[in-house]
Number of protein chains: 2
Amino acid sequence: MARNKAFDPEERLEKARDLFWERGYHATSMQDLVEAMQLNRASIYDTYGDKHALFLQCLGNYATDKREEYKAAAAGALSSIDAVEAIIRKALERTLQEGKACMVVKSSFELAETDKEVNSILKNDGDRLNDILEVLLMKAQSAGEISKDRDVKMLASYIIANFSGLWQTYIISKNEKLVTQMAEFLIQVIRQ
Amino acid sequence: MARNKAFDPEERLEKARDLFWERGYHATSMQDLVEAMQLNRASIYDTYGDKHALFLQCLGNYATDKREEYKAAAAGALSSIDAVEAIIRKALERTLQEGKACMVVKSSFELAETDKEVNSILKNDGDRLNDILEVLLMKAQSAGEISKDRDVKMLASYIIANFSGLWQTYIISKNEKLVTQMAEFLIQVIRQ
DNA sequence: TCATATTTGGAACAATCGTTCCATTATTGT
DNA sequence: ACAATAATGGAACGATTGTTCCAAATATGA
């Protein structure tokens with residue numbers, strides 16, 4: 001009986017995600033979203049809820065997507081330590097090529113200090129990425145690829161934390177060579 | 001002939017700075033500033049210019065202040081490498097004690113990608129802090145405290161980049177022990 | 001003491017914010 | 001073909017945005 005949606009909610013969510021990603025939460029207005037998503041106001045509210053709910057969906061969607069990208073990058077590696085290196089190289093590649101800093105990092109600093117729901121999404125995402133790296137580092141340890149006395153949990157967090165630094169450095173300096181050297185240095189630190 | 005200002009512009013600028021620091025630029029309204037600074041709207045516009053100009057002054061002021069704090073932390077050290085360590089420990093201390101992430105880092109992610117003036121202030125601040133660390137690392141190299149084949153320019157940038165990571169990790173995890181371990185690990189990496 | 005200059009408080013501005021509502025349009029299953 | 005249902009377009013909401021303006025208050029140097 002009922003009429004169907006004339007648009008793909010998932011596809012339009014990506015349009016919103018890209019805008020939030022670029023401008024941040026507060027600098028993005030509903031009017032901007034109406035234009036970017038090419039959707040009526042009412043359709044947005046009806047499908048996704050209010051601005052905040054829409055943002056949370058965008059952020060969750062984004063975090064999962066990027067985690068999959070890291071997984072995919074790691075999957076092609078021949079050894080565990082190579083997989084870790086591939087993830088770091090993926091972060092470097094993203095820094096240099098995506099044209100805007102990671103939405104997870106941007107949202108951490110714009111919102112996560114005050115917004116519990118945002119914090120929870122980001123914590124969950126961080127934990128999952130941490131798990132991925134921790135498993136790889138443990139395997140690398142078992143295979144003798146890295147030292148036994150490394151704290152792999154801490155090392156996984158350290159690697160992820162370094163990604164924030166790559167983005168911050170690139171935003172300010174736009175120095176590709178420098179950021180590349182920093183990523184190479186991190187890889188070298190992890191391998192030894 | 002003329003009447004004098006009934007307030008200390010520098011002191012009230014700090015009030016504004018603290019609010020911008022806590023909430024970010026877009027989430028802070030002029031009404032918020034009027035209340036926090038305990039100043040009339042007209043007085044704010046007359047003394048500092050518009051919201052954006054006020055923010056730039058706050059950010060510049062903040063960056064200089066924090067750079068002085070790092071310098072002061074380094075000044076007490078017995079050797080160059082100890083001075084570098086002291087700066088890293090200062091960043092750790094700030095992360096754990098200030099209750100909000102560094103305004104420089106927050107502003108990098110909220111504004112520096114689109115706002116040229118903000119970017120310029122942050123670039124200048126980054127360069128100056130880089131200089132401080134670079135000089136210390138060079139001296140440490142001459143003194144044989146760190147290896148000769150380290151690229152000190154890159155290493156200085158790497159240290160600063162790590163600060164972003166400390167803040168991001170602490171915002172999301174609130175894990176003091178973890179962040180402390182990460183800072184200790186960085187120190188260890190630099191020293192060897 | 002007094003004219004002068006500037007601060008001050010608060011009203012008011014137009015523009016935009018996020019959100020809601022409703023009449024209209026369109027598509028569905030029967 | 002038809003009644004039912006949901007999407008659609010757009011007006012409209014009150015609240016808040018950043019900013020300007022002006023009359024009143026106030027402290028200044030001569």
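Nothing here was measured: the structure is a model prediction, and the numbers come from that model. Throughout, a chain's letter reflects where its sequence line sits, starting with A, and its residues are numbered from 1.
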Distance in angstrom units between B/D8 CG and C/dT7 P, rounded: 14 Å
Test item: side-chain donor near acceptor, A/N130 and A/S157, under 3.5 Å: yes
Whole-Å gap separating P (D/dA23) and CG (B/N40): 16 Å
Residues touching DNA chain C, which here means a heavy atom under 4.0 Å, drawn from residues 20-37 of chain A: A/T28, A/S29, A/M30
Distance-only donor-acceptor test, A/D50 side-chain atoms vs C/dG18 base atoms, 3.5 Å: no
Partner residues of A/F55 under the ring pair (Phe, Tyr, Trp, His ring centres under 6.0 Å) criterion, sequence neighbours left out: A/F20, A/Y25
Test ring pair (Phe, Tyr, Trp, His ring centres under 6.0 Å) applied to B/Y62 - qualifying residues, sequence neighbours left out: B/W21
Selection residues 152-161 of chain A - residue pairs positive for salt bridge (Lys or Arg N to Asp or Glu O under 4.0 Å), sequence neighbours left out: A/E134-A/K153
Any pair counted as salt bridge (Lys or Arg N to Asp or Glu O under 4.0 Å), so long as it reaches residues 168-191 of chain A, sequence neighbours left out: A/D82-A/R191, A/E85-A/R191, A/R89-A/E184
Listed partners of B/Y170 passing ring pair (Phe, Tyr, Trp, His ring centres under 6.0 Å), at least two apart: none
Residues within residues 41-48 of chain B bordering DNA chain C, heavy-atom distance below 4.0 Å: B/R41, B/A42, B/S43, B/D46
Set of residues satisfying ring pair (Phe, Tyr, Trp, His ring centres under 6.0 Å) with respect to B/Y48, sequence neighbours excluded: none
Interatomic distance where CG belongs to B/L39 and P belongs to C/dT6 [whole Å]: 17 Å
Selection residues 90-107 of chain A - residue pairs positive for salt bridge (Lys or Arg N to Asp or Glu O under 4.0 Å), sequence neighbours left out: A/K66-A/E98, A/E69-A/K90, A/K90-A/E93, A/R94-A/E98, A/K106-B/E113
Residue pairs involving residues 119-130 of chain B (criterion salt bridge (Lys or Arg N to Asp or Glu O under 4.0 Å); sequence neighbours excluded): B/R67-B/D125, B/K123-B/D127
Return a table of donor-acceptor pairs under 3.5 angstrom between the side chains of residues 37-44 of chain B and protein atoms on other chains or two or more places apart.
| residue | atom | partner | partner atom | Å |
| --- | --- | --- | --- | --- |
| B/N40 | OD1 | B/A42 | N | 2.9 |
| B/R41 | NH1 | B/Q31 | OE1 | 2.8 |
| B/R41 | NH2 | B/Q31 | OE1 | 3.4 |

Members of residues 113-121 of chain A that approach DNA chain C, where some heavy atom sits under 4.0 Å away: none
